[in-house]
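First comes the structure, then the notes that go with it.
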Amino acid sequence: MAAVRSFSRRRSLLASLRLAVLTFLADPQWLVPSLIAPVIFGLVSYELFLGSSPWFVLYAILGAGMMSMWGQTLYGSGWATGQDRNLGTLEPTLSAPTPYLYVVLGRIIWNTVSGLLGGAIVFVVVALSYGKPVPLSNPLGFALLFVFVIVSLAAVGIVFSAAYVYTRYAGFIQNVGEFAFYVGTGCMFPVALLPFWSNPISLLFPPTWALDALRYVAIPGYHGLSWGLWGDLVGAVALTAVYLAIAGTVFSRVERHVLEVGNLGDY
Amino acid sequence: MLRPPAVKAKGLTRHFESRKGFFFSELTRTEALRGVDLEVAPGEIFGLLGPNGAGKTTLTKILSTLLLPSGGRAEVLGLDVTREALRLRPRIGLVLGGERGLYNRVSARENLRYFADLYGVPPEKRAARIDEVLTWVGLADAGDRRVEEFSRGMKQKLHLARGILHEPEMLFLDEPTIGLDPKSARETRKLVRSLVANGVTILLTTHYMFEAEELCQRIAVLSRGKIVARDTIAGLRRLVGGDRTIEVEDYGFEDLEVARLRRLPGVSRLFTEEFGPRLRCTLRVGTGELTEAQIRAALPGHAEMTVRERRTALEDIYLDLVEEEAK
Ligand SMILES: Nc1ncnc2c1ncn2[C@@H]1O[C@H](COP(=O)(O)OP(=O)(O)OP(=O)(O)O)[C@@H](O)[C@H]1O
Ligand SMILES: [Mg+2]
């Protein structure tokens, strides 16, 4: 009599990806962070570095692109889980037979894609304003590192999602994180210009290291974090691994924790 | 073939701790369940009644693996709700009343599709099954509309559709008809009956006594975290001492007269209520034990009083039980 069932992690992931795209398309508010914000970031950074060397233009593109990608990839991931809380969908989703982690991964894939779109828009806007092709000193290294930056962002995104499952106060944590990131990672300004105290916080985020490495590769003569390209790479890989490990173990624990505390329905 | 009980709970307890205030926070502890034993047979509709805050939702969530018990143990369909939750989940469905719990920005069909994937409805059957449940709950024409446009009742029906989408063997319904208009509520009850006819076991929470009376074979009354009665409706009638209820009403009775009524043969319970200038004595009486003539004879000074008799309703039983528990 029992019905045939076929649930799998892959199916959960794809279902969640599909729902993320549909929700995105259905909601005009996303146009601001995903399409308009990158244009503004691009224009502002172009104005800031007007008259600088072409390398500075690249620096600006990377910074503004990162801000846009951070917003989409990371903020989007946490936001979606926060939204599950607000809508009351966290309960039926968590009581499904597949772990919630795969739902989160599906969303992160979409957020990453839309984040990349933001990065691309910034590039086009700045390149068009600049009027000349933007140089790139090591295209292959750049491409590889770029992918890695995305992975490191996604890793942070998963951890933030877990925080949203854990508590309805996660928005507060994320806002602090976002501030630390914008200021601390040298998105807009070289890190060296920043007060010393802001560095330790931003160093907790793998994208800080990855972005710095990306600049070392792309911009000749760049001076970022004092340990240089290889130090950045080691730090970025290690931190990303830590975040992914945290995400993997934390998720099942968080799922159990919320069943113990019984705060799933809070919003 | 002997099937194991659909639900078997022993000594279930659950407490909540919550903090009030941010700086000088105060820890408050609520005992939501204080030792609940429950057994539900396969294929029955079991009703769970009780006042607000009695612990009905808490019990429902524990049995449907959405909440861990603080103590005790429970098995659903022979699987432990704590240790075997992942195996149990695809075989049970949960419908929590209310409007929350749906993705408002997308259509009803997309909501169902998402949950069909999560709950493992085979992909080749998915579309047909979604159509089937939408028709079943009466949303066939609204399937492609966004849920944010839905009325409260439509959302409620969509909840029900999601709950049965993956053909669960056991369904937990927590106030499934709350906020539904009479016609929709009736359709929902019809649906519940047809599910049971298909062999689904149902644990139903409701505040509507007639609903429980109409649907449930057996009922448990939960009060302040404990089951205070558990039986068939006929059994509960016996428990509160009588399937007849007699209401005697006039412009006031002396205390002495009320005491005289109470001592009449066959009266197991009596309580008084004021209705403006009139006073009503309600008596619970067993079958064939007391006649109107005997009542009139006991109160000679009240020629104008009205005496009405009706069958003891579940609502009467419920109020008796809950009142007794509160004492
Ligand atoms: N997440 C929670 N945190 C703190 N206390 C809770 C939580 N959930 C329930 N409670 C408390 O547990 C008790 C039982 O609640 P529950 O929701 O199970 O009652 P109920 O019988 O379903 O009531 P109702 O008829 O109003 O739906 C209540 O005192 C409630 O305040
Ligand atoms: Mg309730």
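Letters go in sequence order (proteins before strands), and every chain restarts at 1. All values below were derived from every heavy atom in this structure, side-chain atoms included, with hydrogens, water molecules and symmetry-related copies excluded.
- Looking at B:Leu94, neither its backbone nor its side chain comes within 4.5 Å of chain A, counting heavy atoms on both sides.
- Nearest approach of B:Arg89 to A:Leu94, heavy atoms of both residues: NH1-O, 3.0 Å.
- Within the 4.5 angstrom heavy-atom criterion, no atom of B:Ile62 approaches chain A.
- At a 4.5 Å heavy-atom cutoff, the contact between B:Ala116 and chain A is made by backbone atoms alone.
- Nearest heavy atoms, B:Val106 versus A:Leu19: CG2-CD1, 3.9 Å.
- In this structure, B:Arg105 contributes its side chain and A:Thr23 its backbone to no donor-acceptor pair below 3.5 Å.
- Annotation for B:Arg152: atom CZ counts as buried by contact number, over 12 foreign heavy atoms lying within 6.0 Å.
- Ranking B:Gly120, B:Ala85, B:Ser70, B:Pro69 against chain A, the residue ahead of the rest is B:Gly120, based on heavy-atom pairs under 4.5 Å.
- Atom CZ of A:Arg253 is surrounded by 12 or fewer heavy atoms from other residues, nucleotides or ligands within 6.0 Å.
- Using a 4.5 Å cut-off between heavy atoms, B:Phe16 contacts chain A through its side chain alone, with no backbone atom that close.
- Residue contact with chain B, scored on non-hydrogen atoms closer than 4.5 Å, is absent for A:Arg9.
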Exercise. Could you go step by step and tell me if A:Ser12 and B:Tyr119 meet the side-chain hydrogen bond (donor to acceptor under 3.5 Å, both in side chains) rule?
Worked result: CA-CA 9 Å; A:Ser12 287; B:Tyr119 281 83; over 6 Å; no

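- At a 4.5 Å heavy-atom cutoff, the contact between B:Arg126 and chain A is made by side-chain atoms alone.
- More than 12 heavy atoms of other residues, nucleotides or ligands sit less than 6.0 Å from atom CZ of B:Arg193.
- Taken to the nearest 0.5 Å, the OG atom of A:Ser16 stands 10.5 Å off from the CG atom of B:Asp117.
- If you measure heavy-atom distances from B:Pro123 to chain A, the contacts under 4.5 Å come from both the backbone and the side chain.
- Side-chain atoms of B:Leu118 and A:Tyr100, non-hydrogen and from C-beta on, never get closer than 4.5 Å to each other.
- The closest side-chain heavy-atom distance from B:Asn104 to A:Leu87 is below 4.5 Å.
- Closest approach of B:Leu86 to A:Pro97, counting heavy atoms only: CD2-O, 3.4 Å.
- Only the side chain of B:Arg14 has a heavy atom closer than 4.5 Å to any heavy atom of chain A.
- Among all heavy-atom pairs drawn from B:Gly101 and A:Pro92, the shortest one is O-CG, 4.1 Å.
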For this session: Mind running side-chain contact (heavy atoms from CB on, under 4.5 Å) on B:Leu67 and A:Leu259 for me, showing each step along the way?
Result: CA-CA 4 Å; B:Leu67 198 61; A:Leu259 299 186; 5.8 Å; no

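- The CD atom of A:Glu91 sits 5.0 Å away from atom CG of B:Leu66, with the distance rounded to the nearest 0.5 Å.
- Across every non-hydrogen atom of A:Gly88 and B:Arg100, the tightest pair is N-NH2, 3.3 Å.
- The part of B:Phe115 that comes within reach of chain A is its side chain, from C-beta onward, which places non-hydrogen atoms under 4.5 angstrom from that chain.
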For this session: Mind running side-chain contact (heavy atoms from CB on, under 4.5 Å) on B:Tyr114 and A:Thr93 for me, showing each step along the way?
Result: CA-CA 10 Å; B:Tyr114 174 72; A:Thr93 310; 3.6 Å; yes

